Each structure stands twice: as structure tokens, then as C-alpha cells.
Amino acid sequence: MSGLNPDQYDAVNTLSGPLLVLAGAGTGKTRVITFRIAKLIKSGVPGERILGMTFTNKAANEMKERLGRMLGQGTASGKTAKKKPAQDDHIPTISTFHSLCVRILRRQIEPLGYPKKFAIYNRGDQEGLARNVLRELNVADKLLAPSQLLFWIGNWKCKSMSPEQAIVACDTDAQHLAAVGYQRYQRQLKLKGAVDFDDLLLLTERLFQEHEEIRILEASRFDHILVDEYQDTNTSQYRIVKALADHRNLCVVGDDDQSIYGWRGAEVEHILNFHRDWPDAKVVRLEDNYRSTEAIIEVANTLIRFNATRHDKVLRAARPGGERPGVLQFPNETVEAQETVHDIRRRLEQKGREPRDFAILFRTNEQPRIFETELRKAKLPYILVGGMSFFDRKEVKDVLSYLRLLDGNPDEVSVLRIINTPPRGIGKKSVETLLNYAIDAKVPLWDLVTGAEMRPPLNAATIRGLDDLTAQIQDIQYQTQDDSLVDIARNLITTIRYRTELDRIYAEPDEREARWSVVEQIVTALGQYEESASKPNLGDFLDRLLLGEQDANDEKEKQLKKNAIALMTMHSAKGLEFPEVYIVGLEEGILPHHRSLESDSSIDEERRLCYVGVTRAEERLTMSMSLTRMKWGKPRDTKPSRFLYELTGKAEHPNYQKPRGV
DNA sequence: GACTCGAGTCCCGCC
DNA sequence: GACTCGAGTC
């Protein structure tokens, strides 16, 4: 326990009772949490009685790794540990909220009327459902598009609102329509035995509310709870934490200046009001920043002071001096990318830096493309973090849908996806007939496919197709009963002739290879999972993959090990640090994002996001913008981000605010 | 039923 | 510029 300052030491050694750690950026939050867990264990608390909660898998993995080093062992549900730990049971659980909720629901969901093997729907699946709902309601796209419906549903859900509550809270006709859609959407999900991501939290919350005995059972699993990034908890997460913390040994850590998840329902009030929930809570403040140089901290402080409503706190730099952060302007985004990569290469060669010392941070997921191109040209290793794009790929969706089926979980979305992929003569019309029949007869679609339920009249080609599919799936299930998961997947891909299908669709050899390699990556991920999990099974693998616990991107893993330049959004960068950071695309409309320009409070959140970006840098920070940017096929003029003026001291300080009402 | 082509849209951020 | 969707053709 060496190397802690008095405040950190205080936080680490307060072992019981409610504790609030208000910690600025770079003040050693994660360190305090990990030290505290280690200390608890050393003081005799069994590891399995400790629960650490994080918001991202990255944070969870990092904490597991640190803890592993500190205690010289692995941690539960961690794939970071090479060997399976000897005593699996004495290890603390480090988990994201969603992962924790999935585990609770897999054990206890039945009282809520969902099947134990519920499917988890992601964005793509949700869209299909939303479309169905709108079709059912006979709503024209212009009145309410599927994406809008999902937007509203997401909004209500992250505020923990039921459809009934949403209907009451509506202002406009479109909203009211969405609320009705929300009700139908939930009904459909339940009918299909599926939940979406938000439901994972909502249902857990409801489970605890309606079934006290389950709440007590789940709460009794742990004696200590630690929550990182507490400022980012939404209503459900807040209630779940409270419901689990009977023992009162609750330690939360956070920073209101880094609250960047307001759009998914996070409320800073939770951290600001912690002492109201727990009046005897001890409060520890960490204000010494050990990460960045004084020059960088100065920029960060200057910027964040423009936010009106915040806890006034100072961030003191422990590292004096330092290079002044640079602000660069480029003619267009190609030059911006080229020059950034050029600069990195120069510093790699001249300053003895390593690729892993660099990060390029951006606001939206379309920005990295051009940087990827330039990095590839320069033959520099990079890793693109985040972005669910892996799951958006057709091949991934296809293979995962088949795997869900093989897991004995033939939910409708998966069945519809693969029923005619590869083509087996089952046309749109037939699928529609089947689907309508399934709805009318209240039987699962899959039972019509297999013929377990009486099928409606269909043409001969369709029947042959359905029988083929059924035979294929049953063959695999029969042949591979005792096989490893990897063998099952291989058998599947061969049986459905997926490679042939890819070759048929894609003419370009390069594209064929690229697509096929994605399929192989899934198999590799399955192999990795099988090695690390204590009781591997297909359903658990699919859960983990969907929750992001299991990395399916083989290339990514390799590069990570290989030491690579990190490309990520500022949201993903939270909690991380790099010696050299480039924040790119600092333009009005990007950061702050144009969708946030309507209200002051969302501009404040954009500013906090920028603050998070700035405070990732340890030694060198470069911010850049380009004067024109391609948008919808045409180069368009841009305006420098207001944050650039603010952080360079060129904007009016809020102390000299313009008169009201102007 | 499978495939091609052209019109229409532009979906933040994450688990 | 990239992608999806629906009409139209074989």
C-alpha cells in the first residue's frame, strides 16, 4: 500500500460504511478502488463477497488486471488471467451494470413472466421490432420513423419509465404515438421472450421492487460494493445499487465534471446527493492530478470553468511545467489525418515513443475512417476501439443467428434472418405467410419451420427449403452433442456452406477474403472463450459477446498485444490515459455535436466531454480542426469549435457574461 | 423467387 | 459518399 497520498490513503482505509470519493480527472480513482479491494481482502473479507461495478468493459478489464497483479491471481469472469485460477470462488466480481443484470436475470427472471432463455436484442434487432410495431399501428414513416420510435423508447426507459407512465408524460402527438408504440414494443418483446439492453436494467430494478425475497437473496451475495464513475448512473442503476447495499458498505467514486452520459439518463444528482441517501457517509476529495503536466491541466481548468453548474473544485497538477498544448488548423480532413499520422511517425522515430503511447480521440464514429487509411498507408499499427460495427456486419449477424438457434433459443429475429440465408427457395411471400400464421396460431415461428406445429399451405419449393433447414440444424445438433463449441461452429459453417455463399455474393477476391476472415474471427473468439470460461456454453458466449465482455475482433486482440496507436471516441477514452493525445475535428457541429446545440445543458455536457478528452493526455496534447470537411458527398466549410476559443482564453469568460435575454 | 438498379436518406455517444 | 429500400425484370 505504498505511494498513496494522505487523501488516497484515507479513502483506501475506510473499510466500512458509506463512502463518497469525489475525485477529479487523473487523481488516481481506479488506483484507490483497486487498492481498497485489495485491502479488504487482506483484512479478511472473502474476495467473492466483494462487488466492483464499472460502466465499460474496458474499465472492468483494466481493474481486473491491476487487481490480478496486486493479489497475484485472476479475477472472476476475467479472461485476462492466463491460467484458470485455483480457487475460483475467492475472487471479487468486477462487472459492468449490464453484465451483472444479465447474470441476475438469467437466475431469476421467471417471476417476471419471461423465459429463462430470453434473447437479448441489440440495435439491429430493435429496429426490426420497431418497424413491426409501426406497421401494426399503421403509422406512416413521415409521422414517426422507426429510429424516432426507438429514440423515444430509449429516452423513457433510461429514465426508468413504464409505457403507462410515458403515455401520461407526453406533450406532442408524435410523442403520444411513440408512447403507444412503446407499449406495443414491450408486449412484442415479451411475446418473443426477448429483452433489449435497457430492459436488462429495468427488469432487474423491477425484480427487486416486486420480489423482496429475490432482492434480499441477491443483496446477500455481497458484503461490499464499489461503484466507479458514479456520476454516470441512471435511475435504474442508482436504484439497483441501493437495493443491493443493505450492508451499507458502499463506496462510490466519481467526478461531476466528467458526467458525459446524460443522453442515456445519467443524473449528476446521484453523486451530488449521495450524502442525503447516506447521511453518515464519509466524503473524501482527491484533487491532486498525477497524470498530466501543469500545462495540460491549465487548459483543462480553463475550459471546464465555462460550465455554470458544477461543484467548484480545483485540479492541482503534480507535474509542473510541460509542453504547451498545440492547436492546429488544416485545409481539410485528409490533410488533418495525414499530418497527424506524420507527426506520430516523427515522434516514434525521434522521441523513442512506442505506438501504444499515442491516442487519437474524436467525437463520432465516422471520423476515424480517414485516420485508419492514413495509418495503414504509413504501416503503423493501430487499434480502433469501440463502435458496434462488428455486429453490424452481415456475416456476424448471420452466424450469430445460427448459433442462437443451435443454442436451442430460436427467437423470431434470428429465424427470420437465416430462414433464407443462404438462399434455399423460401421467398418473402412465404415468410410472410409463415409469420402471420405463427402470430394467429400463437406458436413460435421456429416450430412452423421444423414442422413441429402444423404449417399453413405452402408451395413445394418452400416446403423443401424449410425441411432442408430443419435437417441441417438437427444434424448439427445431433452430430455435435459432445463436441467443443469451436467444432460445433465449424460444423455449422460447413453444413450451411457459408463460404460458398460468400463467394457467390462477392465477386472481388479481396472482399471475399475480408468477409470470410470475419467468420473466422467469430470462431477464434469462441475458442478463446472456451479456454478461459469455467463452464463454457453457447448461450453464455453469446451473452458475453453481446455485452462486449468477449472480444470478437481477432485483429483487435492481436494489435492490442502488438502495441498499437489507439483510435477511439472520447466517450470510450474515459478512464484511460496516454502520454500523447490528439483530439481531432474540433469544429462546431462535431464537438459540440450539432444535435446538442439546442440547449445549454447539452452544450455543457459536450464541454465536459472535451474536458475528458483533454485530461487523457499525460505529456503532450494536440488539438486540431479542418477548415472544410466532406459531408454527404460534398466539401463544406466549417467553424472552429467554441471550445477552442474557450480553452485558449480567447473566449469571453463566463464572469463577464453577456446580459440576459440577448 | 432472385437479382439489379435508382431514388432517397444522412441514423451522435455505449452497454 | 455510403448505405438501405422498393420497384421492376428475368
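The chains referred to below are lettered A, B, ... by the order of the sequence lines, with proteins before strands, and numbering in each begins at 1. Because the structure is predicted, anything quoted here is derived from the model rather than measured.
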query = Is any NZ, NE, NH1 or NH2 atom of the basic residue among A:E501 and A:R504 found under 4.0 Å from an Asp or Glu carboxylate oxygen of the other?
reply = yes
task = Please report, rounded to the nearest Å, how far the P atom of B:dC11 is from the CG atom of A:L149.
result = 18 Å
request  = Could you tell me whether A:E267 and A:K159 have a side-chain N and a carboxylate O separated by less than 4.0 Å?
outcome  = no
inquiry  = At less than 4.0 Å, is any side-chain N or O atom of A:N234 found next to OP1 or OP2 of B:dC15? Yes or no.
reply    = no
request  = Would you indicate what A:G427 reaches in the nucleic acid, counting non-hydrogen atoms under 4.0 angstrom: base, sugar-phosphate, or nothing?
outcome  = sugar-phosphate
query = If you measure from the ring centre of A:H98 to the centre of the six-membered ring in the base of B:dC15, is it under 5.5 Å, with the planes under 30° apart?
reply = no
ask   = Under 4.0 Å: is that the gap between some side-chain N or O of A:N459 and OP1 or OP2 of B:dG1?
value = yes
inquiry  = Whether A:D604 and A:R607 form a salt bridge (side-chain N of Lys/Arg under 4.0 Å from carboxylate O of Asp/Glu) is what I want to check.
reply    = yes
message = When you compare the ring of A:W263 with the six-membered ring of B:dG13's base, are the centres less than 5.5 Å apart and the planes under 30° from each other?
response = yes
query = Within the pair A:T569 and B:dC12, is there a side-chain N or O less than 4.0 Å away from OP1 or OP2?
reply = no
ask   = Between A:K58 and A:S147, which is nearer to the 5' end of DNA chain B once each is assigned its nearest nucleotide?
value = A:S147
ask   = Between C:dC3 atom P and A:W632 atom CH2, what is the distance in whole Å?
value = 17 Å
Protein-nucleotide distance (A:Q148, atom CD; B:dT9, atom P), rounded to Å = 13 Å
query = Does A:R131 put a side-chain nitrogen or oxygen below 4.0 Å from OP1 or OP2 of C:dC5?
reply = yes
task = Ignoring backbone atoms, test whether A:S572 places a side-chain nitrogen or oxygen under 4.0 Å from the OP1 or OP2 oxygen of B:dG13.
result = no
inquiry  = So, taking the atom named CD1 in A:I104 and the one named CD1 in A:I240, what distance separates them when rounded to the nearest 0.5 Å?
reply    = 7.0 Å
message = Below the 4.0 Å mark, does B:dC15 have OP1 or OP2 next to a side-chain nitrogen or oxygen of A:S99?
response = no
note = By nearest-nucleotide position on DNA chain C, the 5'-leaning member of A:K428 and A:M630 is A:M630
inquiry  = Looking at A:N365, I'd like to know whether one of its side-chain N or O atoms comes within less than 4.0 Å of OP1 or OP2 on B:dC11.
reply    = no
key: Distance test, side-chain N/O of A:R504 to OP1/OP2 of B:dC3, below 4.0 Å   = yes
query = Between A:K157 and A:D196, is there a salt bridge with N-O shorter than 4.0 Å?
reply = yes
task = Could you tell me whether the phosphate oxygens of B:dC11, OP1 or OP2, come under 4.0 Å of any side-chain nitrogen or oxygen in A:R595?
result = yes
message = Is the phosphate of B:dC12 approached by A:S596 (side-chain N or O, under 4.0 Å from OP1 or OP2)?
response = no
